[in-house]
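Reckoned from all heavy atoms, side chains included, excluding hydrogens, waters and symmetry mates.
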Amino acid sequence: MAAPPDKPSPASEDEQHPEDYDLTLEGVLELLAREIERLQASLDTYRSSDHPSKQALIRWHVQQIDARHDRLDEIKQMILKRNNGEVH
């Protein structure tokens, strides 16, 4: 599903460049966790708002959070598999 037209844009002061990212599995895990937190904060804001597209925005945010949780679980499984099932 495409983003609703009123989808919030990322804050420019938080903008990072690709070379700033830790692209290890643990780094990707951290990025996903931060993105989920950001989406959750935005969702909470829309839930308490009177925005005309409130329901569509809430649905979009919930879908995005669910998708990122799925990726988070996949990354965790990859880390476990890499470590032969041992948690470090």
Side-chain angles (χ1 to χ4, degrees):
M1 173 182 249
D6 295 33
K7 178 187 164 295
S9 60
S12 59
E13 65 268 3
D14 293 336
E15 197 171 303
Q16 290 183 320
H17 301 285
E19 63 272 8
D20 294 337
Y21 294 120
D22 174 5
L23 298 179
T24 63
L25 288 175
E26 291 79 6
V28 173
L29 192 72
E30 177 62 29
L31 285 173
L32 279 169
R34 287 195 323 233
E35 179 67 4
I36 290 168
E37 288 175 9
R38 185 192 68 77
L39 284 165
Q40 186 63 51
S42 183
L43 173 61
D44 293 343
T45 299
Y46 281 113
R47 280 187 171 147
S48 63
S49 77
D50 291 329
H51 194 282
S53 301
K54 176 180 177 175
Q55 293 306 313
L57 288 164
I58 288 172
R59 277 191 302 277
W60 183 87
H61 279 79
V62 169
Q63 290 169 346
Q64 297 304 308
I65 290 168
D66 287 347
R68 281 157 181 82
H69 273 293
D70 290 345
R71 299 301 80 76
L72 199 66
D73 290 341
E74 290 172 6
I75 298 294
K76 287 178 181 178
Q77 288 300 314
M78 292 170 73
I79 291 170
L80 282 173
K81 188 179 261 187
R82 182 192 65 197
N83 295 338
N84 295 320
E86 298 174 20
V87 178
H88 294 281

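The OG atom of S53 sits 13.5 Å away from the CH2 atom of W60 when rounded to the nearest 0.5 Å. In this structure, CG in L32 is found 9.5 Å from CD in E74, a value given to the nearest 0.5 Å. Taking CD of Q77 as the reference point, atom CG of D73 lies at 7.5 Å (rounded to 0.5 Å). In this structure, the separation between CD1 on I58 and CG on L43 is 6.5 Å, given to the nearest 0.5 Å. Here the CD1 atom belonging to I65 is positioned 12.5 Å from the CG atom belonging to L72, to the nearest 0.5 angstrom.
Considering only heavy atoms from C-beta on, E35 comes within 4.5 Å of L39 through its side chain.
Of all non-hydrogen atoms in L25 and I75, the two that sit nearest each other are O-CG2, 3.5 Å. Among all heavy-atom pairs drawn from R47 and K54, the shortest one is O-NZ, 3.0 Å.
A side-chain N or O of Q64 and one of R68 form a donor-acceptor pair less than 3.5 Å apart. A donor and an acceptor atom, one from each side chain of Q40 and D44, are located under 3.5 Å apart.
Ring planes of H61 and Y46: tilted class, angle from 30 to 60°.
Taking the charged nitrogens against the carboxylate oxygens, R34 and E37 have no contact shorter than 4.0 Å, which rules out a salt bridge.
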